[in-house]
Structures are given as C-alpha cells and as structure tokens.
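Lettering follows sequence order; numbering is per chain, from 1.
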Protein chains: 2
Amino acid sequence: MGGTRREIPNDPGRKRRILDAALDVIAEAGVHKTTHRRIAARAEVPLGSLTYYFDGIDDLLVQAFARLSDTMSVHYRRTLESAATRAEAEDAIVELICGPAYASSREMTLIFEMYGYANHHPQVMDIARAWLHRSRESLSLHFPEHVCLALDVLIEGWPIHRVFEGAPLDRALVAATVHTIVDHLDAAAERPGRRDA
Amino acid sequence: MGGTRREIPNDPGRKRRILDAALDVIAEAGVHKTTHRRIAARAEVPLGSLTYYFDGIDDLLVQAFARLSDTMSVHYRRTLESAATRAEAEDAIVELICGPAYASSREMTLIFEMYGYANHHPQVMDIARAWLHRSRESLSLHFPEHVCLALDVLIEGWPIHRVFEGAPLDRALVAATVHTIVDHLDAAAERPGRRDA
DNA sequence: GGCAAGTGTGTACGGTCGTACAGACTCGTG
DNA sequence: CACGAGTCTGTACGACCGTACACACTTGCC
C-alpha cells in the first residue's frame, strides 16, 4: 500500500542479533577490545552489515548498552512486582543481590563496562542514569523514597563484592542488612537530623 | 661500590610520572582509548620510554591501577585512623561517601575503569580484590566484621549514585543509613537467622 | 683518554582498526 | 519483462596502534 515501495528487510532480526553479539563480545573481551570485526564474527554476519545498520562503533555501543539497560530494568521490575507484601519485597531484594539472575557474572561485567563507558560518553551516561532511576521506581512500589535510595545502594554495591570476592554472598547478612534498613531507616527519617551521640 | 657498575637512571622519577600520566589519560579518555602515544604525550616523554620501562601496555595499565589502589587505600586508611570514637568513625564514613576527597569525579571514573578492566585481566582482579580487602581492614578498626561488610557496600555503592545523579548526596540520609547499620545490624547479628515475619 | 656496560630514544614495520563505497542482489510496480 | 528504489556485502584504504631495535648518550673504571 502507499505510493512508493518501502523497506523490505531480508533479515528483520539481524539488528537485534548484532546487538546481542556486541554484548557478548563486551562481556568476554571488554569494551577496549570490542571491534566491528569481532562482533560481526560472533553474530555471523558480514562486516558491512555493521556499518549498514549503525552509524559507527559508538552508535553500536550506545544501542547495545540501551538494550542491556532495558533487559535488566524489566527483570528488576518484574522481580519487585511479583512481591505482594513487604516481607516478600525484602526477599526479592535479597534475591536480586545474591541470586544468580541479576548480578550474574556476565551481567555484572556488562554493568561495569557500561558505567565505565558512560563516563566518557554522554548518551550512555543518560542510559545509566535512566537505569538507576527505573530501579528506584520499582523499589518505590514497596518502600518510601529514602528507603529506596538506601536499598538501591545495597543492590548496586553488594554484587561488586560478590564479583571480586569470588565467593557467594552471606545471605543471612544481606537479609539482615536489608531488613535493618527497611525497619529502622524508615523510623529514623521521621525524626530527621536526630542522632544519639 | 661493589664490583660492576649499576643502574644509574638519568631521571629517577620518570616511571612514576608515566604512571600518573597514564591515570590521567584513563580518567579522561577511558581504557579503550588509552595508548602508548597518548600517555607519552601527556607525560612529555618520548614514546620509546614506555617500552623501556614497561613490558607492554598491559603491564603499564596493571602498574597504573596498582598505584591508584595504593593511593586510595592510604587515604581510606588515614581517614578511618583519624577517628577516635565510633561516632567520629561514622562521620568519617559519611565523609568518604559524600565528600569530594574520595569519590571525586576523577577517582570514581578511575575506579570504574579499574573494575571493568579487572574482569578481563587477572592481575588487576587481584589488585581490586586487595583494595576491597584493605578497605574492610580499615573499617574493622571501629566495627565488627559483618558491619564492616555492610558499610563497605555503602561506600562502594553510594558514590555510584553520586556520579550518575550529578547532584550532591543527601548527607542526612547517608548519615542516618550509616548510623542505622552500625546500631541495629550489630544487634541483629547476635541473633543470627532471626527475622520477624 | 679509551673502553664497556647500562640508560634512553627516534624511527620504522607489521598488523588491526573504522569506515567508505562500488556494485550485487531483491522485489514491487508498470 | 524491464526497471529502479532500496537492501545488503566484499574489498580496499588511510589512520593509528604496539612493539622491536639500531643507535646515541652517559658514566664508572683502567
């Protein structure tokens, strides 16, 4: 329909496959060794495809990180949405921190790469910012704003230890910390500035 | 003295200056754009110097990150050592999280780059591991082990938000969170596993 | 001064990178 | 079927990279 003929791609899923391949390469070799040729080989597409679908390597990286951010946000959101009570929400958070779903070795590596790259690329900075913002939104389904902030810090920070310690996290300690913040930070904030010396 | 003649470098501070220049380049351009030539230009030394002092670019990066880790560890340690009481230690932690000293934009960028690079390079992984370990040791001057772990997570995680939000942190909230963990996590851990459903 | 051993460097080479682009291919339309 | 707009790709080029290395320089010892 319409007057002139339009885009009839031979391989509609191609672009997405290239993005996934890019994330694979980034996870395995790091941004500093991510090249057109490596991505093309991994995605099993010709080199020319990459310059056809993307305006250079920066554009490709930006879209790859955007895809990563979306995927993670959805998982994050779903995990928190599936919790009905506050106690379940706490369990969900512990799962996000310790469990292999989010914060798997691959995801953590990619997040580090994204954070690192973001500091040198405004568009990726925006993507990272949006990712943090959406995380907090998901948390706010269950907790007041300041508690969300503190919990989000735990969710960002604790997996870092997991990556570098190499050992699985102490679930009981994570759970206790989450619970402590949920229970007492809430109360403490109602009397702002108060601190028993 | 001794039999044969020995190393008499013309410029003893050269190696350190190269390392500092490398960190500057990494902070400004990221590891993925850090090259021998850029570092040499920044340090104002000839290109050949870099291959003379270092066994390739990887070796240079490893030593640069080692230097970064040392510098930060010392600062971290001194900050915690200068606290006499627990309350002062809490303030010191808030300062580490919010203050511009540690967690300045430059330092955070470098840390991100280090974490990212560590995932693809065992030697840097060891350096990062050691850095986290020493952080926790410094914290243990004032707090029991499990509290140190939770506090360290805050110190790692909160500056991330600072970088991406762009705005300064809510000091009162940071202080309240630190205080909450110090006060209540300690007590909670004495009854391990306990959680009021 | 002559010598040898170690310090430091300018240049050049092979390799890889990002990207441009001529042209092969596909397919709706007239 | 002819055609042309649009989709895709193999190849090639200039730029830049890491690194090697021949060579100049410095300095203690005779």
Visitor: Considering only NZ, NE, NH1 and NH2 on the basic side and carboxylate oxygens on the acidic side, decide whether A:Asp24 and A:Arg106 come within less than 4.0 Å.
Guide: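 Yes, this pair counts.
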Visitor: Do any side-chain nitrogens or oxygens of A:Tyr52 fall under 4.0 Å of OP1 or OP2 in D:dT9?
Guide: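 No, because none of the side-chain N or O atoms of A:Tyr52 sits under 4.0 Å from OP1 or OP2 of D:dT9.
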Visitor: When you check the phosphate oxygens OP1 and OP2 of D:dT9, does a side-chain N or O of A:Ser49 lie under 4.0 Å from one of them?
Guide: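 Answer is yes, contact under 4.0 Å.
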Visitor: Counting N and O atoms only, with roles assigned by atom type, does the side chain of A:Thr51 sit under 3.5 Å from a partner on the main chain of A:Leu47, one being a donor and the other an acceptor?
Guide: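 Side chain of A:Thr51 to backbone of A:Leu47, a donor-acceptor pair under 3.5 Å: no, none is there.
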Visitor: Please determine whether a side-chain nitrogen or oxygen atom of A:Thr35 lies at a distance below 4.0 Å from atom OP1 or OP2 of C:dC17.
Guide: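 Checking A:Thr35 against C:dC17: at least one side-chain N or O falls below 4.0 Å of OP1 or OP2.
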Visitor: So which pairs with a foot in residues 171-182 of chain A pass salt bridge (charged side-chain N to carboxylate O under 4.0 Å, His left out), sequence neighbours left out?
Guide: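 Counting only pairs at least two positions apart or across chains, the salt bridge (charged side-chain N to carboxylate O under 4.0 Å, His left out) contacts touching residues 171-182 of chain A are A:Glu95-A:Arg171.
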Visitor: A:Ile18 CD1 to C:dG18 P: how many Å, rounded?
Guide: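 After rounding, the gap between these two atoms is 14 Å.
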Visitor: Look at the side-chain N and O atoms of A:Tyr53 and state whether any lies under 4.0 Å from the OP1 or OP2 oxygen of D:dC8.
Guide: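 Yes, such a contact exists.
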Visitor: Considering only heavy atoms and no angle criterion, is a donor-acceptor pair shorter than 3.5 Å present between the side chain of B:Arg14 and the base of C:dG8?
Guide: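 Check fails, no donor-acceptor contact within cut-off.
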Visitor: What nucleotide among C:dG10, D:dT19, C:dG18 has an atom nearest to a side-chain atom of B:Pro46?
Guide: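 Taking heavy atoms from C-beta onward, the closest nucleotide is C:dG10.
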Visitor: Distance check needed: D:dG18 P versus B:His36 NE2, whole Å only.
Guide: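 Rounding to the nearest Å, NE2 of B:His36 and P of D:dG18 are 6 Å apart.
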Visitor: State whether B:Phe54 and B:Lys15 meet the cation-pi test: NZ (Lys) or CZ (Arg) under 6.0 Å from the six-membered ring centroid, and within 45° of the perpendicular axis.
Guide: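 Output yes; distance and angle both within limits.
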